[in-house]
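The sequence lines fix the lettering, A, B, ..., with proteins before strands; numbering per chain opens at 1. Just so it is clear, the model here is predicted, and its values are computed rather than measured.
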Amino acid sequence: MGFKGQKMKHRVSEFLVGLLFGLGLMLSGMTDPSKVLGFLDLFGAWDPSLAFVMGGAVGVGALAYVFAKKKSTSFFGNALDFSDSSDIDRPLVIGAAMFGAGWGLAGFCPGPAIVCMGSGQSKAILFVVFMLLGMLLFELLEFVRHQKRTPQA
Amino acid sequence: MNLDWAHFTPGSSLAGGLLIGLSVAAFLLLNGRVLGISGILGGLLRPIKGDLGWRLAFLLGLLASAWLTAFFMPANWVLSARIDASEGALMLAGLLVGLGTRYGSGCTSGHGVCGLSRLSPRSMVATLTFMLMGFLVVYVLKHGF
């Protein structure tokens with residue numbers, strides 16, 4: 001298979017993985033913010049469904065990672081990305097805390113928000129627009145930080 | 001603690017979780033990639049030549065899941081989402097989720113599913129942090145005032 005064919009194979013696979021992921025989110029109920037908030041409301045009427053989603057996903061995911069660790073390349077022949085940073089630092093904790101606060105406020109995390117946006121819900125579109133603005137803000141802050149660290153001569 | 005039996009869906013949630021796990025497995029074993037939504041989105045905002053196609057293909061698939069189910073799938077697959085938060089809350093939450101997931105290098109998929117799947121201490125700390133913060137914010141909003 002030529003370079004073009006390799007590339008096409010990847011694009012089709014990535015599309016199908018996105019599709020499967022979205023279907024999983026939908027079937028699990030996690031595209032419904034009120035259901036996510038039902039899980040996060042430990043002291044109200046508690047809906048433990050999200051724990052079952054995580055259990056199923058991590059169960060299959062763990063098998064995949066155990067298998068992948070024995071391999072050096074993927075089935076399509078490219079390097080396996082393990083993104084193996086192990087630092088537990090301030091950005092990790094502060095960022096996760098900010099994310100958790102937003103998650104609790106709206107019941108949306110990035111994947112479900114994108115799927116909901118696909119279904120055309122205006123409130124989901126609003127959330128995604130501001131999520132992207134938040135991500136742009138991160139890029140801007142990183143840019144400024146980088147400029148400060150390496151001043152122009 | 002009392003369970004919300006009316007909304008509890010152990011079967012379909014576990015089944016959906018298994019599909020999510022399968023997509024994580026396929027992305028890793030076929031494409032060699034980590035399935036993390038915030039990272040995939042974030043990379044679009046820092047465009048690098050040759051690094052955009054896979055992100056767009058994945059996101060198109062994710063969006064297509066909403067489009068296709070609306071036409072072809074039985075009712076329990078079709079997206080039903082009740083968004084109670086006000087417009088203002090959604091804007092603030094969006095900013096927090098966007099900035100926070102990029103600053104903390106991951107969200108529910110990258111840290112929560114992929115990270116826990118490979119027992120990454122970094123992801124365990126992140127997942128514990130955003131879960132606890134989620135519990136706390138919902139507690140304050142629903143029972144705090």
Side-chain angles (χ1 to χ4, degrees), chain A residues 11 13-15 17-24 27-28 31-34 40-41 45 47 49 52-53 56-58 60-62 64-65 68 74-75 78 80 88 91-92 95-106 109-111 114-116 118-119 123 126-127 130-131 134-135 138-139, chain B residues 4 7-10 13-14 16-21 23-28 30 32-34 37-38 42 45 54 57-58 61-66 79 81-83 85 89-91 93-104 107-108 113 116-118 125-126 129-130 133-134 137-138:
Chain A
R11 291 302 94 90
S13 165
E14 288 142 10
F15 175 84
V17 168
L19 183 65
L20 185 66
F21 184 79
L23 292 175
L27 181 63
S28 72
T31 44
D32 183 352
S34 70
L40 291 178
D41 189 11
D47 175 1
S49 301
F52 283 68
V53 183
V58 170
V60 177
Y65 273 96
S74 75
F75 283 111
N78 51 326
L80 287 165
I88 293 166
L92 179 80
M98 288 175 70
F99 164 45
W103 194 38
L105 194 55
C109 55
I114 298 281
V115 178
C116 262
S119 78
K123 277 182 154 183
L126 181 70
F127 177 88
F130 275 80
M131 178 172 76
M135 290 180 168
F138 169 79
E139 296 298 335
Chain B
D4 183 1
H7 292 106
F8 183 34
T9 52
S13 285
L14 182 65
L18 293 173
L19 291 188
I20 291 169
S23 60
V24 164
F27 215 36
L28 176 68
L30 297 179
R33 294 192 187 277
V34 174
I37 308 294
S38 57
L45 303 175
W54 71 275
F58 175 88
L62 194 56
L63 287 167
S65 68
L79 190 116
R82 207 184 80 215
I83 306 169
L90 286 166
M91 294 196 283
L95 284 176
L96 284 168
V97 169
L99 184 58
T101 53
R102 293 300 287 144
Y103 198 50
C107 58
T108 354
V113 179
L116 294 193
S117 289
R118 62 194 173 91
V125 169
T129 305
F130 69 68
M133 200 64 184
V137 166
V138 171

Based on non-hydrogen pairs under 4.5 Å, which of B:Gly42, B:Gly21, B:Gly94 is most in contact with chain A?
B:Gly94
Keeping A:Asp47 on the side-chain end and B:Asp4 on the backbone end, is there a donor-acceptor pair under 3.5 Å?
no
Do you know which of B:Leu63, B:Leu14, B:Thr101, B:Leu28 has the most heavy-atom pairs with chain A at a distance under 4.5 angstrom?
B:Leu28
When rounded to the nearest 0.5 angstrom, what is the spacing between CZ in A:Phe15 and CZ in B:Phe58?
11.5 Å
Please give me the minimum heavy-atom distance between A:Gly104 and B:Val137, naming the atom from each residue.
C-CG1, 3.8 Å
Between A:Ile114 and chain B, which part of the residue has a heavy atom less than 4.5 Å away: side chain, backbone, both or neither?
both
In Å and rounded to the nearest 0.5 Å, what is the CG to CE distance from A:Leu105 to B:Met91?
11.5 Å
Under 4.5 Å, counting heavy-atom pairs only, tell me which of A:Gly18, A:Gly118, A:Ser13, A:Gly111 racks up the most with chain B.
A:Gly18
Could you check whether any side-chain N or O of B:Ser13 sits under 3.5 Å from a backbone N or O of A:Ser28, counting only pairs where one atom can act as donor and the other as acceptor?
yes
List the atom of B:His7, the atom of A:Ser49, and the distance in Å for their closest heavy-atom pair.
O-OG, 4.0 Å
Can you measure from CD1 (B:Ile83) to CZ (A:Phe127) and round to the nearest 0.5 angstrom?
9.5 Å
Residue part contacting chain B, namely of A:Asn78, when any heavy atom lies under 4.5 Å
side chain
Taking it one step at a time, do A:Glu14 and B:Phe27 satisfy side-chain contact (heavy atoms from CB on, under 4.5 Å)?
CA-CA 7 Å; A:Glu14 288 142 10; B:Phe27 215 36; 3.7 Å; yes
Within the 4.5 Å heavy-atom criterion, are B:Val97 and A:Cys109 side-chain neighbours or not?
no
Heavy-atom pair of closest approach, residues A:Pro33 and B:Ala81:
CD-CB, 3.9 Å
As an exercise: rank A:Gly22, A:Gly61, A:Ala68, A:Ala57 by heavy-atom pairs under 4.5 Å with chain B and give me the winner.
A:Ala57
Please check if the side chain of A:Lys123 supplies one atom and the backbone of B:Ala85 the other of a donor-acceptor pair under 3.5 Å.
yes
CE (A:Met131) and CD1 (B:Ile37) are apart, to the nearest 0.5 Å, by 9.0 Å
Could you give the distance from CG (B:Leu62) to CG (A:Leu19), rounded to the nearest 0.5 Å?
9.0 Å
Given side chains that start at C-beta, do those of A:Glu139 and B:Arg102 come closer than 4.5 Å, heavy atoms only?
yes
Take A:Phe99 and B:Thr108, measure what side-chain contact (heavy atoms from CB on, under 4.5 Å) needs, and give me the verdict at the end.
CA-CA 9 Å; A:Phe99 164 45; B:Thr108 354; 3.6 Å; yes
Considering all heavy atoms of both residues, which atom of A:Phe21 and which atom of B:Ser23 are nearest to each other, and what is their separation?
CD1-OG, 3.3 Å
So that I know where these two stand, are B:Phe8 and A:Phe52 an aromatic pair - ring centroids less than 6.0 Å apart?
yes
For the residue pair A:Met135 and B:Gly98, what are the closest heavy atoms and their distance?
CG-O, 3.5 Å
A:Ser74 and B:Leu30: which non-hydrogen atoms are nearest, and at how many Å?
OG-O, 2.9 Å
Counting heavy-atom pairs under 4.5 Å with chain B, which one of A:Leu126, A:Leu92, A:Leu20, A:Val60 comes out on top?
A:Leu92
Nearest 0.5 Å, please: how far is OH in A:Tyr65 from CG in B:Leu116?
11.0 Å
